[in-house]
Amino acid sequence: APLIIGTELEYPPFSFLDERGEPAGYNVDLTRAVAEALDLDVEIRIGPWSEIRSALEAGEIDAICGMFHSVERSRRVDFSPPFASIHHAIFVRRTGPVIRSTEDLRDREIIVMRGDIMHDYVLENGLVAEPVVVDNLREALRLLASGEHDCALAAKLPGLYWSRELGLTNLV
């Protein structure tokens, strides 16, 4: 039986569906290369992050390619050595509040993706009692651009991709 490895949907350039509807991206390519080098049979499952994370914790899949490490997560999941350094960013409207530090986030209306490392970060650091939770980064940035809430916390590259792809010129 193949090892079932999950990855996140709509998280370019790391993981996404290509024009044929097949899993693609950096995490997928790396997983396939490792599997080939080790002569492993793998099946890559792609889906919404919260579903992939839940499937791993429930034992329905064997691994995830591209999960951000945290102390809290390492209590439930074993991590390989890191293979990439990913930066996160605070996305705001050009006309929105000035946010330059973590302290500036306190008690703001913060949009995060359900189950994402930024969701964990906001809760673990008590920045707000209840962040605004959405299912994917595209939805988070659209909501912010529409004038709702103060900021969105997300990985920088996927955030910049969706801002450009959706033509959200009022976000920085």
Side-chain angles (χ1 to χ4, degrees), residues 1-18 21-91 101-102 105-106 108 110-141 143-144 151-162:
L3 284 173
I4 301 171
I5 301 177
T7 194
E8 183 174 355
L9 187 63
E10 298 183 346
Y11 209 68
F14 304 104
S15 52
F16 54 92
L17 291 175
D18 66 15
E22 296 294 321
Y26 178 77
N27 293 349
V28 174
D29 292 345
L30 182 61
T31 299
R32 287 185 175 138
V34 168
E36 185 177 326
L38 297 176
D39 197 28
L40 295 174
D41 183 16
V42 298
E43 173 189 327
I44 296 178
R45 237 179 242 172
I46 192 165
W49 175 249
S50 60
E51 292 176 18
I52 293 295
R53 182 175 172 184
S54 295
L56 179 69
E57 291 179 3
E60 297 165 5
I61 62 175
D62 299 303
I64 289 177
C65 58
M67 184 177 197
F68 293 108
H69 178 272
S70 74
V71 172
E72 184 60 34
R73 286 178 175 185
S74 69
R75 291 186 178 119
R76 287 187 232 103
V77 177
D78 291 325
F79 285 87
S80 70
F83 60 84
S85 180
I86 311 294
H87 298 278
H88 285 74
I90 303 166
F91 290 83
S101 71
T102 304
L105 291 170
R106 202 164 294 286
R108 295 281 186 179
I110 302 172
I111 307 167
V112 293
M113 190 172 63
R114 183 180 326 281
D116 183 63
I117 193 74
M118 291 292 94
H119 188 185
D120 295 353
Y121 179 81
V122 166
L123 296 176
E124 288 170 14
N125 289 281
L127 296 177
V128 294
E130 291 189 41
V132 178
V133 180
V134 297
D135 290 325
N136 57 57
L137 187 50
R138 184 174 24 92
E139 185 181 345
L141 295 175
L143 188 61
L144 180 64
C151 62
L153 303 186
K156 188 173 182 178
L157 280 178
L160 291 173
Y161 171 86
W162 283 115

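No experiment lies behind these values; they were computed from the predicted model shown. Just so it is clear, the values below take in all heavy atoms, side chains as well, and ignore hydrogens, waters and symmetry mates.
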Show the numbers, then the answer: is there a side-chain contact (heavy atoms from CB on, under 4.5 Å) between E8 and I64?
CA-CA 9 Å; E8 183 174 355; I64 289 177; over 6 Å; no
Can you name the residues that form a side chain to side chain donor-acceptor pair (under 3.5 Å) with T31, not counting sequence neighbours?
none
Distance-minimising heavy-atom pair for L17 and P23
CD2-N, 3.8 Å
When rounded to the nearest 0.5 angstrom, what distance separates CD1 in I90 from CZ in R108?
10.5 Å
CD on E43 to CG on D62, rounded to 0.5 Å:
9.5 Å
Distance-minimising heavy-atom pair for G159 and F91:
CA-CZ, 3.5 Å
Backbone N/O of T7 and side chain of W49: donor-acceptor pair under 3.5 Å
no
Quick one: does I61's side chain get under 4.5 Å of I5's, heavy atoms only?
no
With side chains defined as the heavy atoms from C-beta onward, is the minimum distance between V112 and I110 less than 4.5 Å?
yes
Where do C151 and L105 land on the side-chain contact (heavy atoms from CB on, under 4.5 Å) test, with the steps shown first?
CA-CA 8 Å; C151 62; L105 291 170; 3.6 Å; yes
Using 0.5 Å steps for rounding, measure from the OG atom of S80 to the CE atom of M67.
11.5 Å
When rounded to the nearest 0.5 Å, the distance separating OG of S15 from CG of L9 is 8.0 Å
Heavy-atom closest contact (L157 atom, P13 atom, distance)
CB-CD, 4.1 Å
Heavy-atom nearest pair, A140 first then I111, reads CB-CG2, 3.6 Å
Value rounded to 0.5 Å, distance of CG in L141 from CG in L160:
9.0 Å
Do E57 and S54 make a side-chain contact, defined as non-hydrogen atoms from C-beta onward lying under 4.5 Å apart?
no
In the structure I gave you, are the side-chain heavy atoms of P158 and Y11 within less than 4.5 Å of one another anywhere?
yes
Closest heavy-atom contact between F16 and G25?
CE2-CA, 3.5 Å
Determine, stepwise, if the pair F68 / M118 fulfils side-chain contact (heavy atoms from CB on, under 4.5 Å).
CA-CA 10 Å; F68 293 108; M118 291 292 94; over 6 Å; no
Using the rule given for side-chain contact (heavy atoms from CB on, under 4.5 Å), can you reason through L3 versus D41, listing the C-alpha separation, both sets of side-chain angles and the distance that settles it, and then say yes or no?
CA-CA 6 Å; L3 284 173; D41 183 16; over 6 Å; no
What is the distance from atom CD1 of I52 to atom CD of E60, rounded to the nearest 0.5 Å?
10.0 Å
Decide yes or no for C65 and L30: does some side-chain heavy atom of the first lie under 4.5 Å from some side-chain heavy atom of the second?
no
Sidechain-backbone polar pair: S74 side chain, V71 backbone, donor-acceptor under 3.5 Å:
yes
Check I86 against A155 and note the closest heavy-atom contact, atom names and distance.
CG2-CB, 4.0 Å
Throw together a table of side-chain donor-acceptor distances under 3.5 angstrom for residues 119-137, partners on residues two or more places apart or in other chains.
{"unit_1": "H119", "atom_1": "ND1", "unit_2": "G115", "atom_2": "N", "d": "3.0"}
{"unit_1": "D120", "atom_1": "OD1", "unit_2": "R53", "atom_2": "NH1", "d": "3.3"}
{"unit_1": "D120", "atom_1": "OD2", "unit_2": "R53", "atom_2": "NH1", "d": "3.4"}
{"unit_1": "D120", "atom_1": "OD2", "unit_2": "R73", "atom_2": "NE", "d": "2.8"}
{"unit_1": "D120", "atom_1": "OD2", "unit_2": "R73", "atom_2": "NH2", "d": "3.3"}
{"unit_1": "Y121", "atom_1": "OH", "unit_2": "T102", "atom_2": "OG1", "d": "3.4"}
{"unit_1": "N125", "atom_1": "ND2", "unit_2": "Y121", "atom_2": "O", "d": "2.9"}
{"unit_1": "D135", "atom_1": "OD1", "unit_2": "R114", "atom_2": "NE", "d": "3.0"}
{"unit_1": "D135", "atom_1": "OD1", "unit_2": "R114", "atom_2": "NH2", "d": "3.2"}
{"unit_1": "N136", "atom_1": "OD1", "unit_2": "R138", "atom_2": "N", "d": "3.2"}
{"unit_1": "N136", "atom_1": "OD1", "unit_2": "E139", "atom_2": "N", "d": "2.7"}

